[in-house]
Amino acid sequence: MTRRTPVARLSSVLGGRSVAGQVFVLQVVIVLLLVVAAAVTLVLQVRHDSTEEARNRSLAVAQTFANAPGTREALRGPDPTAVLQPRAEAAREESKVDFIVVMNTDGIRYTHPKPDRIGKKFVGNLEPALRGGILTEEINGTIGPLVQAVVPVKDRGQVVGLVSAGITKSSVSNTAEEQLPLLLAATAAALALSTAGTALVSRRLLRQTRGLGPYEMTRMYEHHDAVLHAVREGVIIVSGDGRLLLANDEAQRLLGLPPDADGRPVRELGLDADTAALLTSGRVATDEVHLVGDRLLAINQRSTDHDGGPPGSVATLRDSTELRALSGRAEVARGRLKLLYDAGVRVGTTLDVTRTAEELAAVAVPRFADFVTVDLAKAVLDGEEPDATVGALRRTALRGTRDDAPLYPVGTEIGFVDSTPQARSLSTGKVVCEPELKNAPGWLAQDPERAAQVVAYGIHSLATVPLRVGGVVLGIASFWRSQQADPFDEDDLSLAEELVTRAAVSIDNARRYTREHTMAVTLQRSLLPRSLPEQNALDVAYRYLPAEAGVGGDWFDVLPLPGARVALVVGDVVGHGLHAAATMGRLRTAVHNFSALDLPPDELLGHLDELVARIDQDEAEAGAGAPITGATCLYAIYDPSTRRCTIARAGHPPPAVVRPDGAVEFPEVPGGPPLGLGGLPFETADLGLAEDSRLVLYTDGLIEDRERDIDVGLDLLRSALARADRSPEDTCREVLQALLPARQTDDVALIVAGTRGLGADRIADWHVPSDPAAVAEVRASVARRLQAWGLDDLAFTTELILSELVTNAIRYGGAPIRVRLLLDRNLICEVTDHSSTSPHLRYAATTDEGGRGLFLVSQLSERWGTRYMPDGKIIWAEQSLPSGR
């Protein structure tokens, strides 16, 4: 044998054809992977530690600032920004964070490193902090990707504000990148050392394995272990002279061979004659079945002397009896488990009672039954508390392999007689089975004619299971078999009960949801306007879209006011459910009452703010519910005679105005605090709106959600309004199509009002001297104008009304005095003076010389009232126009 040189040995080791070579390559690869994994792990760990440090520092800064002296007092002060902004910036510089933001419970910022972000909505999740918890999160904020913490500011156990501190990811330490050169050097050194050690180990392994390759070594172990122990079929090798050479463990078990069977003649091993003859014959056999003891063995046999092999034969043995039994039972069990799994996935996908019943029927046909019917109490379908044991049931679902079965159709009211399986299931709460319907007199008594049709159709077996949740019975599920020849057995009844029990929970959940949703929707619809009032000042289109889950507190209204004016109001109560809907109704009713007083927008919001504060206080004292903090409102009054709109808002998004030329504006309307906070006056903005302009009012659900900042929403709204046609209806469609998210999580209220003007030919205006003699001239002028308008029938009553109103203004009011007539849907008479003294209607005694003027006005006019202005008041009266006008 030629002695190989060290270079040859090393070449053999590195060649990879031998076991030693492959071990060498494998060890080098493993070491390389371990080094790379260690490097990656170190980098990731350093980055993780940096991020955790950022989280901890943000949380510590936010908690420290939230608990700092003066923070709670500043949040309750009149101007939190003035107090907290310098403190927050000083703390930010000192603590080396990128921002410290203080906000109210609605997420409106009081502080921010960028002052233009103050007053806007905070980007992030506030729910844990509003419940008094602490949240740290990684988000893509207004200053880039960052890590931020949000903590509550509490005062006497109540959350009065929130503080958030954060650090951008670009500011965290770059420790991992700084260690890369050192890490790469250490990796190279470790790789070199491991390669040298691996080469020494592989050289020794090469000597011990004598240069055998992996195939030769593996073949020896495969032959021994796989054949003798691992193969699940029996393997037996018989020599040419009929002696047993090899029998693996499975063959010894199947044939019952003695422990010393190796080497003995096969005919002396106690096997039956036919099996022994086959094993010693050497002939070819394929799946030849032999009875060995109590087993049916399928034997396959082939010769071993092909291609110069040793004489003899090899046979494989398979226990077909056991395999058939096991496979049958496993298939049945697998089918039932799959059915239960499908029922868990496919039943109860919606909170709809009828749909859930149909899903139960669909999942059981045809795998379990050929027909399934579900009958529910009518109270279940209505969402009420059911008692299915009393009264008739309604067939809610019917599913079968065919559509022509003579079973009661869906929608039928069924009263089961006491002898039927359904009635017995309802009364006992247990499963009832009728294996042979044609021999079931109790079932036949329900409807003999239809029962005969069912039996003739081929339906032969019935199992009924009550739909029960706790002690409440919702209805009954019936399983029918026709094409499946076997009747229901005990295992089938257990499976049916399991299916129905799962479905009953889903149906009961759907019933409860139906009841609560019906109540909430009924309440909400009763509180929202059912139709818009008739008026000529605005062409109004609106949309109200509730959230996908539950009802909310958004509302809107169009309120006609005296003087042909119209008020538009949009409001939002934060939250969902009955409490939000009820609160919305209270606020909407209050707006109706305050608008009846003809208050200007800022005063109306002031009264509404006081009302919300009182409601919060009453509910807090009574412990009846959550406060209404977060309610917002926008109130606007449009006057078609002047084409001006006066607007005030309380924490609500600003309106949008689309000019006649298509230009879109968001006018500057002073943004007051949300309703209920108190302490700050509301301000108004006076807008001039040309005829055919569009005034757009909306709630925040239209322009923002958790994935979209308010600025992005406003930009999308601007683009949608610019594309929309001039009609309000088209504008509503375009805006909703562009801005509604795929899954709507908040209510959306939208009003688009196209402005109209009251033409100069429908307005008459006179200045009246403070002289009683001037009343006659005013009456004459009014009569001439009414004649020009074709309203001669109203001349007499109008002259009387104006005489009384002008005389009162001259006698008790202050100059200058002005009379104005407006021809709109009604004839409106207005008398203006500069006195703030309000007239009062009273009944004059028979001895009184005066006091009958306003009583006369109230009798002659449709309605009348007083509207106050900063420099006086207007007394107005309206008269209905004659028919045909």
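- Other residues, nucleotides and ligands contribute only 12 or fewer heavy atoms inside 6.0 Å of the CD atom of Gln787.
- Salt-bridge formation is not detected for the pair Arg762/Asp824: no Lys NZ or Arg NE/NH1/NH2 atom is positioned less than 4.0 Å from an Asp or Glu carboxylate oxygen.
- More than 12 non-hydrogen atoms from other residues, nucleotides or ligands lie less than 6.0 angstrom from CD of Glu729.
- Side chains of Asp572 and His652: no donor on one and acceptor on the other come within 3.5 Å.
- Side-chain atoms of Arg694 and Pro660, non-hydrogen and from C-beta on, never get closer than 4.5 Å to each other.
- A heavy-atom distance below 4.5 Å is not found between the side chains of Cys633 and Arg649.
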Steps toward side-chain hydrogen bond (donor to acceptor under 3.5 Å, both in side chains) verdict (Thr832, Arg820): CA-CA 8 Å; Thr832 305; Arg820 189 170 72 154; over 6 Å; no
Worked check of side-chain contact (heavy atoms from CB on, under 4.5 Å) between Leu608 and Val591: CA-CA 7 Å; Leu608 203 62; Val591 171; 3.9 Å; yes
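- Within the 4.5 Å cutoff, side-chain heavy atoms of Leu545 are placed close to those of Leu740.
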side-chain contact (heavy atoms from CB on, under 4.5 Å) assessment of Ile108 paired with Phe122: CA-CA 6 Å; Ile108 303 302; Phe122 178 75; over 6 Å; no
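- Distance CD/Glu799 to OG/Ser803: 7.0 Å, rounded to 0.5 Å.
- No donor-acceptor pair closer than 3.5 Å links the side chain of Glu665 to the backbone N or O of Pro667.
- Side-chain contact annotation: Asp554 with Tyr544, donor-acceptor N/O pair under 3.5 Å absent.
- Thr589 and Arg586 are not linked by any side-chain donor-acceptor pair at a separation below 3.5 angstrom, with hydrogens and angles left out of the test.
- Under the 3.5 Å distance criterion, the side-chain polar atoms of Lys873 are matched with a main-chain donor or acceptor of Ser835.
- Put simply, the side chain of Asp833 never gets that close to the backbone of Ala809: no donor and acceptor are under 3.5 Å apart.
- Put simply, CG on Leu84 and CD1 on Ile118 are 10.0 Å apart, with the number rounded to the nearest 0.5 Å.
- Note: Lys121 NZ to Ile710 CD1 = 8.0 Å, rounded to the nearest 0.5 Å.
- Side-chain atoms of Pro533 and Leu559, non-hydrogen and from C-beta on, never get closer than 4.5 Å to each other.
- Arg785 contributes atom CZ, which lies 10.0 Å from atom CD1 of Ile763 (distance to the nearest 0.5 angstrom).
- Side-chain contact between Leu568 and Val558 is present, with heavy atoms from C-beta onward closer than 4.5 Å.
- No donor-acceptor distance shorter than 3.5 angstrom exists from the side chain of Tyr868 to the backbone of Pro600, with no hydrogens or angles considered.
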Test side-chain contact (heavy atoms from CB on, under 4.5 Å) applied to Leu823 and Leu791, step by step: CA-CA 10 Å; Leu823 180 57; Leu791 299 175; 3.8 Å; yes
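- Under the 3.5 Å distance criterion, the side-chain polar atoms of Asn104 are matched with a main-chain donor or acceptor of Gly107.
- Inter-residue side-chain proximity for Gln879 and Arg863 is flagged as unmet; no heavy-atom pair is nearer than 4.5 Å.
- Side-chain contact check for Thr699 versus Phe556: every heavy-atom pair is 4.5 Å or farther apart.
- Side-chain atoms of Arg718 and Phe666, non-hydrogen and from C-beta on, do get closer than 4.5 Å to each other.
- Under the 3.5 Å distance criterion, the side-chain polar atoms of Thr111 are matched with a main-chain donor or acceptor of Val102.
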Report all side-chain donor-acceptor pairs from residues 749-757 shorter than 3.5 Å, counting only partners two or more places apart or in another chain.
unit_1: Thr755; atom_1: OG1; unit_2: Ala690; atom_2: O; d: 2.9
unit_1: Thr755; atom_1: OG1; unit_2: Asp692; atom_2: N; d: 3.3
unit_1: Thr755; atom_1: OG1; unit_2: Ser693; atom_2: N; d: 3.1
unit_1: Thr755; atom_1: OG1; unit_2: Ser693; atom_2: O; d: 3.3

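- Between the side chains of Glu878 and Ser861, no donor-acceptor pair of N or O atoms lies under 3.5 Å.
- Within a 6.0 Å sphere centred on CZ of Arg811, heavy atoms belonging to other residues, nucleotides or ligands number 12 at most.
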Intermediate values then yes/no, side-chain contact (heavy atoms from CB on, under 4.5 Å), Arg818 and Val831: CA-CA 6 Å; Arg818 194 179 70 173; Val831 177; over 6 Å; no
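- To the nearest 0.5 Å, atoms OG (Ser641) and CD (Glu830) are separated by 7.5 Å.
- No side-chain donor-acceptor contact under 3.5 Å links Thr807 to the backbone of Glu804.
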